[in-house]
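Let me begin by presenting the structure, written as C-alpha cells, before commenting on it.
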Amino acid sequence: MLDTSSRLLRLLALLQSRRFWPGGELAARLEVTGRTVRRDVDRLRSLGYPVESSSGLAGGYQLAAGSNLPPLLLDDDEALAVSLGLRLATAGTVAGMEDSALRALAKLKQVMPARLRTRVRNLHAAVQPLGAAGPSVPHERLVALAGACRGLQRLRFGYADQQGRASERDVEPHALVATGARWYLLAWDAVRADWRTFRIDRIVGTPRVGERFLPRKVPGGDAAAFVSRAISVQPYAVKARILLRAPLARMRERIPPSVGRLKRIDAQTCELEVGAQRHEAMAYHLAMLGVDFSVLEPKELVQHVRGLALRLSAAADLPPPATAGRGSRGRRARE
DNA sequence: TCTGCGTAAATTACGACCAA
DNA sequence: TTGGTCGTAATTTACGCAGA
C-alpha cells in the first residue's frame, strides 16, 4: 500500500486526470477503503485544494477551479506530450497562443528532470513546425470545447457549413481532433440523432455549455479514425475505393489521413478510400501518386481514368511544337 | 393516455466513534 | 494511521395515484 503522502499525490493526480470520480472508484484505484478516501479528500481540502462532492446516485468527487492553478503532476510521457504541444503552439497553429506557449515551455524546461530534458531536446530538434497551414482557431474556444469534452457537458453553438449556411447546433461533444492544418470537434448531434464532425474554425461565437450527458461509444471506437473518414470521404460528391500496388507504410507517407483512408490488404498492396468533387480531379490526383493502381469503384471513375490515359498517351506521341525560337533552345541546352 | 405530484427505495457522502 | 460500523443528510430513480 502507498504511504499517506504518496497516496495524496496519487489522489490529486486522479482528480486532475478526469473531472468526476465516484468515491468507490477512487477507493479501488488507490487500493484503500472508501473511508480512507474520505479522509484523504479532507486532507486535500485542508491543504487548499477545492475538492467538491455530491451525494446521491450520481454522487462523487471533482476538483473544482480554484483561485490559482494547483501543482500539476505529470508522468514522463505526459511531460513530453505537453512539451511537444507547446512547441507546436509556438508556431501559431492556435491564434494568440504563441507568447503564452513560449512562457509555459520555459517554465516546464526549468523544472524538468535531466533525463527528460535530453528527450525533449531530441524531440524538438526533430520537429520543425513550418507554421499554420490552415485557418487559426482562438485558443479560448479550443479550451472551452476541450473542457466540455472532458466534463461530458452538452454544447450549443452556431455553425456555418461548407456552403456558408448557418444553423444552431445542440451536441454532446466527444473529442477534439487535429489534422495538422485544422481542428475538428467530433460530437453526437442531439437534434439530428447522429454523429457529426464540426470544423472548429466554422463555429460562430462562443459555445454555450449545458447539462451533463452519459458518454456514447464512437462508431468504430476510434475518434481520430472517424473524423479522418468524415473529412476525407463523406463531404465529397465522388467517393471511390482504389487498390494501390504499394506497401501501406509507403502510401501513408504520401497520403495524410485528412486526404484519404488507407487499409492494408497485404505486404505489397493497400486500399484507399477517398473523395473528390469531380471524377476528373480524382483521376488526375491518382495519376500523380506515382504507383500502379486499380479503381474498385465507382465505374464512372474508371471511364475518366481511361480517358486521361488516352490523352496522356496521345500527348507523348505528338511532335514537339515548331515555334520554339533560338533563345529558348539556348536556355534548354544550358539546363 | 399523458402529466404532475407525492412517497418509498436505493445510492452515496459525511461525521462520530472505536479497535487494531 | 487505517479500517470498520452506525446514523444522518442529500440526491436520484421508480412507482402509484389523481386529474385533465
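Numbers restart at 1 for each chain; the letters A, B, ... are given by sequence-line order, proteins then strands. Remember, predicted model here, so these are calculated numbers, not experimental data.
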Between B:dT12 (P) and A:Q62 (CD): distance, integer Å: 16 Å
Please enumerate all protein N or O atoms sitting under 3.5 Å from an N or O of nucleotides 16-20 of chain B, with distances to 0.1 Å.
residue	atom	partner	partner atom	Å
B:dA16	N6	A:R35	NE	3.1

Side chain to side chain donor-acceptor pair (under 3.5 Å) involving A:T269 - partner list, sequence neighbours excluded: A:D266
Value in whole Å for how far the P atom of C:dT11 lies from CD of A:E52: 13 Å
Rounded to whole angstroms, how far apart are OH on A:Y61 and P on C:dT11? 15 Å
Under 4.0 Å between a side-chain nitrogen and a carboxylate oxygen: does that hold for A:R196 and A:E172? no
Using whole Å, what does the distance between atom P of nucleotide C:dT1 and atom CG of A:D40 come to? 10 Å
Roughly, in whole Å, what's the span from CD in A:E25 to P in B:dT11? 17 Å
In plain terms, say whether A:R39 and A:D42 are close enough for a salt bridge, that is, a side-chain N and a carboxylate O under 4.0 Å apart. no
Closest to the side chain of A:D42, out of B:dC14, B:dG15, C:dT2, is B:dG15
To the nearest angstrom, the CG-P distance between A:L11 and C:dT1 comes to 16 Å
Give a yes/no on whether any side-chain N or O of A:S53 is located under 4.0 angstrom from OP1 or OP2 of B:dC14. yes
A:S294 and A:R245: CA distance, side-chain angles, deciding distance, side-chain hydrogen bond (donor to acceptor under 3.5 Å, both in side chains) verdict: CA-CA 8 Å; A:S294 302; A:R245 291 183 179 79; 2.8 Å; yes
Could you tell me how the ring of A:H304 sits relative to the ring of A:H279: parallel (under 30°), tilted (30 to 60°) or perpendicular (over 60°)? parallel
First locate atom CG of A:L248, then atom CD1 of A:I255, and finally report the distance between them rounded to the nearest 0.5 Å. 9.5 Å
Regarding the side chain of A:R43, the nearest nucleotide among B:dA13, C:dG3, C:dT1 is C:dT1
